[in-house]
Amino acid sequence: MVGGISQQRFADSVNLYCITDSLEVASRAARDGVGMIQIRAKDLTARALADLVRAAVVNARQSKILVNTRTDIALASGAHGVHLPSGSMAPKELRRITPAGFLIGVSCHTIEELRAAEREGADFAVYGPVFPSVTKSVAPIGLDAFRQAAANVRLPVYALGGVTAENAPQCVEAGAAGVAGISLFT
């Protein structure tokens, strides 16, 4: 359940991007129709991360599984893509070694980073934090700043940070292609 409504109904009305280190959460998100699921398990060994990603891919249904930072593990494990932190290698460089249709997302925190992600061939970006977040202690940018940022690129931009079922529609109204989160799915 997300904010008192079923995750399925929520997923039907808003493009969702789940960020998790849990196979249980990833499997539930896939079952509920979440479009993209990022496996973000920074403390795992490469082998354990690959095992987790493989299991998530098996349970993915129609969801796309992406791996945080580790393009090598995404490719070796059959994931659908990778999510890069800001300042990473340019997506166009990764395109030289990834198969057609491999998704590349980028975390962005400024309009210039969004423009660079677009220019360098990212498929989408996450941007924020839009609202106060329980997982990050960074000051939120607010909806007006998100609206301005999303309007500066043609790249799909997902709102991140403090997003709930209640405020997700405001993010979409502000130009978000969807919403991303960690606590939204736990």
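Residue numbers start at 1 and run along the sequence shown. Keep in mind that the numbers below use all heavy atoms, side chains included, and drop hydrogens, waters and symmetry copies.
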Can [Y] be reached from [X] by stepping across I, L, V, M, F, W or Y side chains whose heavy atoms are under 4.5 Å apart?
X	Y	result
Leu23	Phe185	yes
Leu94	Leu49	no
Val106	Val67	no
Val126	Ile19	yes
Leu84	Leu155	no

Exercise. Mind checking whether Tyr158 and Tyr17 have parallel, tilted or perpendicular rings, split at 30° and 60°?
Worked result: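 Geometry flag for Tyr17 against Tyr158: tilted rings.
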Heavy-atom pair of closest approach, residues [X] and [Y]:
X	Y	answer
Ile37	Val34	CG1-CG1, 4.2 Å
Ser63	Ala29	OG-O, 4.4 Å
Arg154	Glu118	N-OE2, 2.6 Å
Ala30	Arg61	O-CD, 3.9 Å

Any [X] side-chain heavy atom under 4.5 Å of [Y] side chain:
X	Y	answer
Val130	Val179	no
Tyr127	Ile141	yes
Cys18	Val25	yes

Exercise. Phe124 and Asn15: side-chain contact (heavy atoms from CB on, under 4.5 Å), yes or no, with the steps?
Worked result: CA-CA 12 Å; Phe124 67 94; Asn15 290 325; over 6 Å; no
I'd like to check the side-chain contact (heavy atoms from CB on, under 4.5 Å) partners of [X]; sequence neighbours left out, ordered by chain and number.
X	answer
Asp21	Ala41
Arg115	Ile111, Glu112, Arg119, Asn152, Val153
Arg47	Thr45, Asp51
Glu173	none

Exercise. Given Phe102 and Val82, is the side-chain contact (heavy atoms from CB on, under 4.5 Å) satisfied, shown in steps?
Worked result: CA-CA 8 Å; Phe102 190 81; Val82 67; 3.8 Å; yes
For this session: Run the numbers on Asn167 and Phe131 for side-chain contact (heavy atoms from CB on, under 4.5 Å), then give the verdict.
Result: CA-CA 9 Å; Asn167 63 28; Phe131 304 104; 3.4 Å; yes
Exercise. Just how far is it from atom CZ of Arg70 to atom CG of Leu44, taken to the nearest 0.5 Å?
Worked result: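 Arg70 CZ to Leu44 CG: 10.5 Å, rounded to 0.5 Å.
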Problem set entry | Of all pairs that satisfy side chain to side chain donor-acceptor pair (under 3.5 Å), the ones with a partner from residues 101-110, not counting sequence neighbours |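 Residue pairs passing side chain to side chain donor-acceptor pair (under 3.5 Å), neighbours aside: His83-Ser107.
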Exercise. Under the side chain to side chain donor-acceptor pair (under 3.5 Å) rule, what pairs show up with a residue in residues 140-149, not counting sequence neighbours?
Worked result: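 Passing the test, one end in residues 140-149: Asp144-Arg147.
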Problem set entry | Residues Arg95 and Asp123 bridged, charged N to O under 4.0 Å |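 Yes.
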